[in-house]
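Step one of this worksheet: look at the structure below.
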2 protein chains.
Amino acid sequence: MAEQLMPDAFIDKVAQRFKMLSEPIRLRILNQLQLHDEMNVQELVDAMQQRQATVSKHLALLTREGILSRRKEGLHVYYRLNDPSIAGMCMLVCARLKDEAREHSRVILAD
Amino acid sequence: MAEQLMPDAFIDKVAQRFKMLSEPIRLRILNQLQLHDEMNVQELVDAMQQRQATVSKHLALLTREGILSRRKEGLHVYYRLNDPSIAGMCMLVCARLKDEAREHSRVILAD
DNA sequence: ACACTACATAACGACGTAGGAATATAACAC
DNA sequence: GTGTTATATTCCTACGTCGTTATGTAGTGT
């Protein structure tokens, strides 16, 4: 008999963590921060093509969740990735999506 | 320079996948299906303590997303986990949450 | 045919959260 | 102090999705 995926007591927190990763703009922010170790808000605003308020709000969410760290330096605030599990999660999902795509095309071709 | 977490073209699909995992009730369904390989709707309704319509809708979402598979047998419909990446994702998140909790208590104790 | 069961779906209201505009706050320069 | 810049926050509206209720549909049995 297989074990549980997660303890019942963790379910709400796990759901919350996944929710933080369920917005494309937040994933794009994480993607940027993976490329450039550290970025300030304006740099992210430029990269995201989104309003400063919008970016700031997502940064606040990700930081409260522990996914980003925040470092203030003068007028600027620098963010960086603070969750070593993120990379693995994204890799897992991407690999799975590729598998699905491959499987799907195989089925299509089999017709 | 680190690589991207995911290709830009995948971002929307990755976000969608995470969104499917961002509801406690859906995680509880996945947890049940991990324990009992295959369950029909009524069995899941009983385990979830939720209305049949509610459970059916979440099952439909997870199935359309490719996370569950569906097998009809007479009047009953049996669902099972169909995404081998789910277990790894949940493990990663849970491990991370535990790390955070440990780190947090360390900080607290250090005061 | 009718009745019953298991499940799916539609219509509805409630709530959460996204983005936009405006405003507040903080740090610097003068 | 005033002014300016970088960032955070508040208020608002719009939209998505949750759960509930009611109804539809498919399969079985008589």
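The basis for the numbers below is simple: all heavy atoms, side chains too, and nothing from hydrogens, waters or symmetry mates. Numbered from 1 within each chain, the chains take letters A, B, ... in sequence-line order.
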Can you see which heavy atom on B/Ala47 is nearest to which on B/Arg28, and at what distance?
O-NH1, 4.1 Å
Contact under 4.0 Å: B/Thr54 side-chain N or O vs D/dG19 OP1/OP2
no
Counting the atoms with a prime plus P, OP1 and OP2 as sugar-phosphate, which does A/Tyr78 contact under 4.0 Å by heavy atoms, base, sugar-phosphate, or nothing?
nothing
Rounded distance (Å) that lies between atom C1' of C/dG20 and atom CE of A/Met48:
19 Å
Can you find a donor-acceptor pair, distance only, under 3.5 Å between A/Lys57 side chain and C/dG19 base?
yes
Is any side-chain N or O of A/Gln52 under 3.5 Å from a base N or O of D/dA8, one able to act as donor and the other as acceptor?
yes
From CZ of A/Arg70 across to P of C/dA26 the rounded distance in Å is 11 Å
Atom pair distance, as rounded to whole Å: NZ in A/Lys72 and C1' in C/dC28
12 Å
From NZ of B/Lys19 over to C1' of D/dG16, roughly how many Å is that when rounded to an integer?
8 Å
I need the residues from residues 5-12 of chain A with at least one non-hydrogen atom less than 4.0 Å from DNA chain D; give them sorted by number, or say none.
none
Rounded distance in Å - CD (B/Gln16) to C1' (D/dG16):
12 Å
Could you give the NE2-to-P distance, from B/His58 to D/dT17, as a whole number of Å?
12 Å
Of the listed nucleotides (D/dT9, C/dC7, C/dT9), which one gets closest to any side-chain atom of B/Val77?
C/dC7
Check whether any side-chain nitrogen or oxygen of A/His76 sits under 4.0 Å from OP1 or OP2 of C/dA26, and answer yes or no.
no
Between CG on residue B/Leu30 and CG on residue B/Asp83, distance to nearest 0.5 Å
9.0 Å
Examine the side chains of B/Gln16 and B/Asp12 and answer whether a donor and an acceptor come within less than 3.5 Å of each other.
no
To the side chain of B/Arg26, which of D/dC18, D/dT17, C/dT9 is closest?
D/dC18
Measure from CZ on A/Arg71 to P on C/dA27 and round the result to the nearest Å.
15 Å
Mind calculating the distance between CZ (A/Arg51) and C1' (C/dG20) to the nearest angstrom?
6 Å
Considering only D/dA22, D/dT7, C/dT5, which nucleotide approaches the side chain of B/Leu75 most closely?
C/dT5
Here the residues of residues 38-46 of chain B within 4.0 Å heavy-atom distance, strictly under, of DNA chain D are none
Under 4.0 Å between a side-chain N or O of A/Tyr79 and OP1 or OP2 of D/dA6?
no
